[in-house]
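Here is the structure we will look at, set down as C-alpha cells.
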Number of protein chains: 2
Amino acid sequence: MAAGPKPLRADAARNRDKLLIAATEIFAERGLDAPLEHIARRAGVSIGTLYNHFPTREALLAAILPERLAALDRICAAALADPDPWAGFAGFLEGLFTLQAQDQALNDALVQGFTLATDVSQACHAGFVQAERVIERAKAAGRLRADFSAQDLVTLVWAMSQVIREGMDTAPDAWRRCLSFFLDGLHAGAPHSLPGAFPAPS
Amino acid sequence: MAAGPKPLRADAARNRDKLLIAATEIFAERGLDAPLEHIARRAGVSIGTLYNHFPTREALLAAILPERLAALDRICAAALADPDPWAGFAGFLEGLFTLQAQDQALNDALVQGFTLATDVSQACHAGFVQAERVIERAKAAGRLRADFSAQDLVTLVWAMSQVIREGMDTAPDAWRRCLSFFLDGLHAGAPHSLPGAFPAPS
DNA sequence: TACGAAATCGAGGGATGCCTCAAGTTCGTG
DNA sequence: CACGAACTTGAGGCATCCCTCGATTTCGTA
C-alpha cells in the first residue's frame, strides 16, 4: 500500500520550506555546485538539518528542479500554439535560453541533464520530447532545415549555456546575438553539407 | 643591464623540462584547473620542486601556453593564404576548434583568455588580432555578413568550447555539425535582424 | 675528494566542502 | 504538565588541493 510520506512535525515542515526556498535561490545564483553550507545558512538552519531533510545534493535538486523544468512545457505549448511553425520554433529557443539565463541551476541541469537523479533526468527528458514536436512541426512546414535533429538541439543547449554563463556579467545579451546567427543557419534553404548528417530517409 | 636568466644546474634544468612536459600533457587532458600535484607526480618530482620552478600556476601556464597559442598564427596565415576569403574564414574556424578539441588547456585558455597572466593574455590577444584580418577579408569580399564582429568570434569560441568539452567523450564530432549550422548563418545574404547589432557604418 | 651553494624533498598547516553522530532541544499528545 | 518521539545542532573527521619551509641530498668546482 502506498503509505504516503509521513506527516512532518510543524517545525520540520517549516524548516523544509525554508530550505527549499534558500536552495532555489542559491542554486539559481551559483549553479548546481553551490556549497550546501550556503543554503543551510541562508535558510537559517544548520547543515545537519539540511542533511536530515535531503540526504544528498541530488535529493535536494530532485525536490526543486522538476517544478522549474515544467516551465519548458509552457514554452513548448506556446510554441505549438503559434500559427507560424518557424516563429514557434524560434520563440521556443528564445524562451528556453531566457529561462537558462535567468537560472544557473536550469542552465546547468539542461547540460548535465541525464547524469542527474532520476526525477531530474525525467523532467529534462520530458522537456526534450515536447521540444521534438516543435522541431518536427517546423520541419514539416518546410521552414526548418530537414537535417536538424533533436540531438542538435542538445548540442545547441550546450553551446548557449556557455555563452550565457560567460556573458552573464559583461555581455548579458550576447546569447541573443549568437542565437540569431544560429537561426539564420537553421532556416531551410541553401543549407550546406553537414558532417555527421544522417542519411536522408528514403 | 639585462642579466639573462641565471644558468640552471644540470639536474634543475632536467627537472624543469620534465615539469613542462608533464604540465603540457596534464593540462591538455584535464584543463587549466588540473591539480599541480598530478603534474609533479607525472614529472617524477616533488610538489616542492614544482613550486621552486614555477611559484604560481600562472607562471607554469605562462611557460606553456604562449607556444601552444602560436598555432593560431599558422592557422590565420593559412586562412589568409587561401584564395577564397570565405573558405579561408571557414577553414580558420575549423582549425581553431580542432585545436581546442585536441587540447583542453587551449580550450580553457581561449575562454578565460584575458583573465590570465600577462603573457597568456597577450598571446590570446595576438591570436584574435590576427583573426580579425581573416574576418575583415571575408567581409570585404562580401561573403561574410557585414554585421559579424570580432566580439562575435569571442562569443562563438565560448559556445564551441562547451560543445567540445561536453561532446568529448560521447560525441567528438558534434562541434563540426554545430559549426556547419553556424557557418550557414554567417554567410552573407538573407541575414535576419540581429539584436545588439551595431548601427550600420555610414 | 671535499666543500658550499643549489636544488630537492615531503611533512604539515591552511582553506574549503562533504557528511556524520552524540548530545541537546522542541513538539504534540496523553 | 510531562514524557517520549521527532527534530536540530555544530563540532569534528574525511577528503582534496593549496602552498611553505627546514632538513637533506646533489651538483660543480677547487
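Since we're looking at a predicted model, the values are computed, not measured. Each chain gets a letter, A, B and so on, in the order the sequences are listed, and its residues count up from 1.
Separating the CZ atom of B:Arg41 from the P atom of C:dT8 is a distance of 18 Å, rounded to the nearest angstrom. D:dT24 atom C1' lies 14 Å from atom CG of B:Asn52, rounded to whole Å. Computed from coordinates, the B:Arg30 CZ to D:dC17 C1' distance equals 15 Å when rounded to whole Å. Rounded to an integer number of Å, the gap from CZ of B:Phe54 to C1' of D:dC19 is 16 Å. Taking atom CZ on A:Arg9 and atom P on D:dC7, their separation rounds to 6 Å, with Å as the unit.
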For nucleotides 14-20 of chain C, which of its nitrogen or oxygen atoms have a protein nitrogen or oxygen under 3.5 Å away, and what is each distance?
from   : atom 1 : to      : atom 2 : distance (Å)
C:dC18 : OP1    : A:Arg57 : NH2    : 2.3
C:dC18 : OP2    : A:Leu36 : N      : 3.2
C:dC18 : OP2    : A:Glu37 : OE1    : 2.9
C:dC19 : OP2    : A:Tyr51 : OH     : 2.8

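Side-chain contact between B:Lys139 and B:Phe89 is absent, with no heavy atoms from C-beta onward closer than 4.5 Å. Here the side chains of B:Arg137 and B:Asp82 are in contact, with some heavy-atom distance below 4.5 Å.
Using modelled atom types and a 3.5 Å distance limit, the side chains of A:Asp152 and A:Thr155 yield no donor-acceptor pair.
Between B:His53 and C:dA7, a side-chain N or O to OP1/OP2 separation shorter than 4.0 Å is absent. The side chain of A:Ser46 places no N or O atom within less than 4.0 Å of a non-bridging phosphate oxygen (OP1 or OP2) of D:dT8.
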Acceptor/donor pairs from residues 60-78 of chain A side chains to any protein atom, 3.5 angstrom cut, sequence neighbours excluded:
from    : atom 1 : to       : atom 2 : distance (Å)
A:Arg68 : NH1    : A:Asp103 : OD2    : 2.2

Distance-only donor-acceptor hits, side chain of residues 116-136 of chain A, under 3.5 Å, sequence neighbours excluded:
from     : atom 1 : to       : atom 2 : distance (Å)
A:Gln130 : OE1    : A:Arg133 : NH1    : 3.4

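Note: B:Trp175 and B:Phe97 have perpendicular aromatic rings, judged against thresholds of 30 and 60 degrees for the angle between ring planes. In this structure, B:Phe182 and A:Phe182 have perpendicular ring planes: the angle between them is above 60°, well past the 30° mark.
Every pair passing side chain to side chain donor-acceptor pair (under 3.5 Å) that includes a residue from residues 22-46 of chain B is listed here, sequence neighbours excluded: B:Glu25-B:Arg42, B:Glu29-B:Arg42.
Across D:dC27, C:dC27, D:dT9, the shortest atom-to-atom separation from the side chain of A:Val45 is found for D:dT9.
Every residue two or more places apart in sequence or in another chain that forms a side-chain hydrogen bond (donor to acceptor under 3.5 Å, both in side chains) with B:Arg143 is listed here: B:Asp84.
Sorted by residue number, the members of residues 10-23 of chain B with any non-hydrogen atom under 4.0 Å from DNA chain C read B:Asp11, B:Ala12, B:Asn15.
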